[in-house]
Amino acid sequence: MNRQFSFYICLVLVVMLHSSLQAQEYITVRTKHNALVLEVTQTKEVNTIYFGKTLTNEADYSKVASQYHQGNDYTGIYNAIYTPSGSKNLLEPALEVTHSDGNTSVSLIYAGSKTTTISKGITQTEIDLKDPAYPFQVKLFIKAYFNDDIIEQWSEITHQEKGKVILQKYASANLYLRGNNDFWLRHYHGDWAKEMQPEEQKLSHGIKVLDAKLGTRANLFQPSVFMVSLGAPSTEDQGEVLFGGLEWSGNFRTDLEVDPLNNLRIISGINNEAAAYPLQKNEVFTTPKFWYTLSHSGKGTASRNIQDWARNYKILDGKGNRLTLLNNWEATYFDFNETKLKALIADSKKLGVDMFLLDDGWFGNTYPRNDDHAGLGDWQENKKKLPNGIGTLVQTASDNGVKFGIWLEPEMVNPKSDLYHKHPDWVIKQPHRAEHYFRNQLVLDLSNPKVQDFVYNIVDNLFTKNPDLAYIKWDCNAVIYNAYSGYLKDDEQSKLYTDYVKGLYSVLERIRKKYPKIPMMLCSGGGGRVDYGALQYFTEFWPSDNTDPLERVYLQWEYSYFYPSLAMAAHVTNWGKQSIKYKTDVAMMGKLGFDIVVNELSDKDLMFCQQALKNYNALKNTIWQGTQYRLQDPWDHEVASLMYVSAAKDKAVLFNYLVKDRYDNGSHLPIQLKGLDPSATYQVKEINVYPGTSTVITTTSYTGDFLMTIGLNPNVTTSHTSVVLELSKE
Ligand code: DGJ
């Protein structure tokens with residue numbers, strides 16, 4: 001009896017010890033300034049117990065929750081790392097499925113985890129979760145870029161059920177930020193030529209959804225990038241702020257839910273609207289990555305983290321060169337021929353750019369591409385405009401010592417095209433409904449491998465015929481209407497939005513395998529598509545068709561929170577009434593290009609542009625690879641001001657633009673610079689001075705300390721609306 005009693009005591013003790021050990025199982029993901037701490041609970045659920053500044057004492061993370069008295073979590077999973085639906089969950093789920101037997105519940109129980117070092121400063125944590133009632137598993141990935149304070153999260157979903165499982169919602173990440181009561185969301189809305197319009201508001205209880213349902217050109221109304229400030233709206237240098245975005249070039253959805261305990265749940269992934277995804281036994285569904293960073297010193301730090309990370313890991317050739325260019329879109333639109341283009345190529349040389357870029361209108365014979373109603377899909381040179389083909393243009397460019405690039409919109413088709421008549425089944429459209437067009441065109445069905453081959457071959461054929469072709473501008477001007485695929489089975493139509501993007505990425509993957517370095521611009525009638533999913537294949541993007549330089553100051557300012565300057569194509573065009581100097585000064589803060597009629601420039605304008613290009617070439621490395629500091633924002637000031645500082649702090653460029661052109665406006669006060677070496681002396685010299693005018697800044701030397709403490713007045717006035725200054729360490 002005694003022995004039996006002590007056996008039971010022992011058993012109870014072992015069980016108690018085991019559960020207390022279980023309760024103490026933590027998974028910690030660290031970056032330079034932050035820790036994400038997950039707890040495996042006694043019931044084996046994985047919850048976020050901390051995401052914030054690293055604490056010095058590791059044991060303290062487990063004590064954080066006890067300091068918050070916010071009420072009851074009736075489920076124990078408000079803070080789940082991946083909230084499953086249909087079991088005990090009461091809030092927005094990250095995962096919703098219908099099992100093969102029709103059951104709609106999921107529960108996710110911890111089954112192990114491991115952390116590996118991928119490369120120096122990059123770790124990857126994998127967490128295995130299993131449904132105890134079904135052979136259904138989720139693997140969560142948390143990739144941490146230590147130095148950049150950036151985390152990427154995504155999941156892999158699979159099962160061994162008898163029939164297919166339908167994924168109704170399949171998010172990439174599920175974050176949990178503990179209550180400050182105030183969460184301030186800054187997000188963006190827009191339309192054609194009005195991209196990246198910011199809005200900032202305090203989140204109220206319930207769910208704010210950021211999403212896209214447009215299929216292609218997904219960011220037209222709203223991109224997936226956003227910021228959430230904790231406590232109060234953060235400024236450039238102050239405040240706790242999280243930046244995030246989805247690496248996906250299609251429909252996305254981000255739920256920002258202030259829960260009943262006043263904490264913020266963020267769930268981001270592919271939009272589940274009309275996108276239920278059937279998953280066969282043992283098939284693995286990998287969700288796209290959601291990236292995020294948390295800064296404790298305002299938006300500036302967050303954006304510098306992202307820019308570094310992007311150049312190092314996410315943008316194709318992020319540390320490499322970019323080409324300045326002359327584009328013919330606004331110079332000619334569709335109205336050109338070989339003679340005209342050859343003259344423009346010669347103009348590229350005269351201007352001093354690296355490349356001539358031939359835009360839309362060079363193809364189509366049965367249905368010539370003379371406007372945007374016809375020809376898309378027929379990628380043969382138009383014989384009337386280009387009787388000798390692209391080859392002769394590439395040759396002329398080479399004779400002039402410039403490179404040659406070309407525009408494509410390979411995912412699209414005009415109903416007035418040979419392609420449309422030959423392959424109606426390749427076109428996304430409902431069989432029983434009237435076609436509905438966006439810019440007179442329809443989208444090709446990239447879920448279909450034959451269409452993928454077709455798109456790949458457009459690019460491959462061009463390069464095979466013209467090996468010296470140096471650049472592609474890849475455009476995408478339509479959204480998906482009437483989503484229906486002639487390729488997918490009728491009961492799998494809801495895969496289309498997702499498989500379209502997968503198909504697109506697989507084509508781009510193939511292109512990159514064969515042409516790893518060719519620079520490509522990601523364009524979508526402006527900024528309708530940029531994200532870090534696409535940018536792994538592209539060297540730059542087109543932020544907007546709106547090139548009015550005043551608008552561009554604002555647009556490029558907002559984009560710069562999320563993308564570095566070397567990826568942001570910025571062209572001098574006829575948009576806007578400002579001087580060529582103002583236009584060029586604004587375009588120089590990004591990747592500089594021109595889209596003007598060079599031979600219509602006055603002698604002085606031409607001289608100015610030529611000199612500006614020389615200045616740009618001398619400074620481009622600092623602009624592209626340097627650290628960016630936003631000094632004075634255009635929203636609240638008369639003068640917007642920003643600067644780039646080289647890694648060695650020996651060079652810097654300061655751009656200043658008058659953005660409110662009213663009586664007596666200008667830079668009345670000095671602007672404090674940032675990021676310089678306080679003990680160094682810098683020579684400050686005005687560049688981009690218009691021929692025949694004198695400088696507004698006399699070349700003078702100042703210490704870094706002076707420039708950062710007192711500041712410098714760039715002398716911007718209504719008669720000197722932009723001033724560019726070069727700083728060189730003496
Ligand atoms: C939309 C792009 O944004 C423009 O730059 C230009 O390439 C046109 N498409 C051509 O159709």
Side-chain angles (χ1 to χ4, degrees), residues 190-196 214 216-221 223 249 323-336 341 344 353 355-364 367-379 382 385 404-414 416-417 437-443 458-459 462 471-479 519-530 534 538-549 551-552 555-556 559 567-576 583 587 590-597:
D191 205 329
W192 177 77
K194 287 192 288 194
E195 292 84 347
M196 291 302 273
L214 291 76
T216 45
R217 209 176 171 171
N219 296 357
L220 183 63
F221 300 151
S249 312
L323 301 168
T324 56
L325 59 86
L326 177 68
N327 186 196
N328 73 313
W329 175 238
E330 291 196 20
T332 64
Y333 291 105
F334 297 96
D335 180 19
F336 56 78
L341 293 180
L344 293 179
V353 292
M355 183 181 65
F356 173 74
L357 169 62
L358 173 59
D359 215 284
D360 195 355
W362 57 268
F363 48 89
Y367 302 93
R369 180 76 172 166
N370 291 330
D371 56 40
D372 61 16
H373 287 78
L376 271 185
D378 300 344
W379 298 102
N382 177 280
K385 288 182 188 173
F404 186 87
I406 201 160
W407 178 95
L408 287 174
E409 195 179 0
E411 297 160 73
M412 303 285 160
V413 63
N414 283 124
K416 287 188 188 157
S417 68
Y437 308 121
F438 199 105
R439 208 195 187 203
N440 316 301
Q441 64 197 53
L442 293 164
V443 182
I458 296 169
V459 179
L462 262 175
Y471 184 93
I472 300 278
K473 174 177 177 182
W474 183 300
D475 209 344
C476 163
N477 284 291
V479 301
M520 292 211 298
M521 183 206 276
L522 172 62
C523 175
S524 190
R529 202 181 228 184
V530 61
F538 291 87
T539 48
E540 55 217 74
F541 70 94
W542 185 232
S544 176
D545 276 354
N546 189 339
T547 45
D548 178 318
E551 297 296 330
R552 276 289 181 132
L555 259 159
Q556 292 170 190
Y559 269 118
M568 213 187 294
H571 295 179
V572 176
T573 75
N574 279 332
W575 282 57
K583 292 176 176 185
K591 203 226 83 174
L592 178 63
F594 290 80
D595 194 346
I596 46 171
V597 184

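Counting starts at 1 for both ligands and their atoms, in listed order.
Of the candidates D359, L357, D475, the one placing a heavy atom closest to atom 1 (C) of ligand 1 is D475.
Contacts between N477 and ligand 1 below 4.0 angstrom, taking non-hydrogen atoms only, involve the side chain exclusively. Under 4.0 Å from ligand 1, not a single heavy atom of M521 appears.
Proximity of N327 to L325: side-chain heavy atoms (C-beta onward) are separated by under 4.5 Å at one or more points. When side chains are defined from C-beta on, N414 does not count as touching Y367, because their heavy atoms never get closer than 4.5 Å. Considering only heavy atoms from C-beta on, R529 stays 4.5 Å or farther from F541 through its side chain. Looking at F221 and D191, their side chains come closer than 4.5 Å, going by heavy atoms from C-beta outward.
Close contacts of ligand 1 with G525, meaning ligand atoms under 4.0 Å from a residue heavy atom, involve 1 (C), 3 (O). When each atom of ligand 1 is checked for a heavy atom of C523 under 4.0 Å away, the hits are 2 (C), 3 (O). Per-residue contacts place W542 under 4.0 angstrom from the following atoms of ligand 1 (heavy atoms of the residue considered): 3 (O), 5 (O). Remark: ligand 1 atoms within the under-4.0 Å shell around heavy atoms of G526 are 3 (O).
K473 counts as a contact of ligand 1, since one of its heavy atoms falls under 4.0 Å from the ligand. Not a single heavy atom of E330 sits less than 4.0 Å from an atom of ligand 1.
If you look at F334 and W362, their ring centroids are not closer than 6.0 Å.
Geometrically, ligand 1 and W329 share no nitrogen or oxygen pair separated by less than 3.5 Å.
Evaluated for a salt bridge (charged side-chain N to carboxylate O under 4.0 Å, His left out) with R369, the options D378, D360, D335 yield exactly one hit, D360.
In this structure, K385 places its NZ atom where more than 12 heavy-atom neighbours from other residues, nucleotides or ligands lie under 6.0 Å away.
Distance NZ/K591 to CE/M568: 12.5 Å, rounded to 0.5 Å.
Given atom 3 (O) of ligand 1, the protein heavy atom at minimum distance is D545 OD1, 2.4 Å. Among protein heavy atoms, atom 11 (O) of ligand 1 sits closest to D360 OD2, 2.6 Å.
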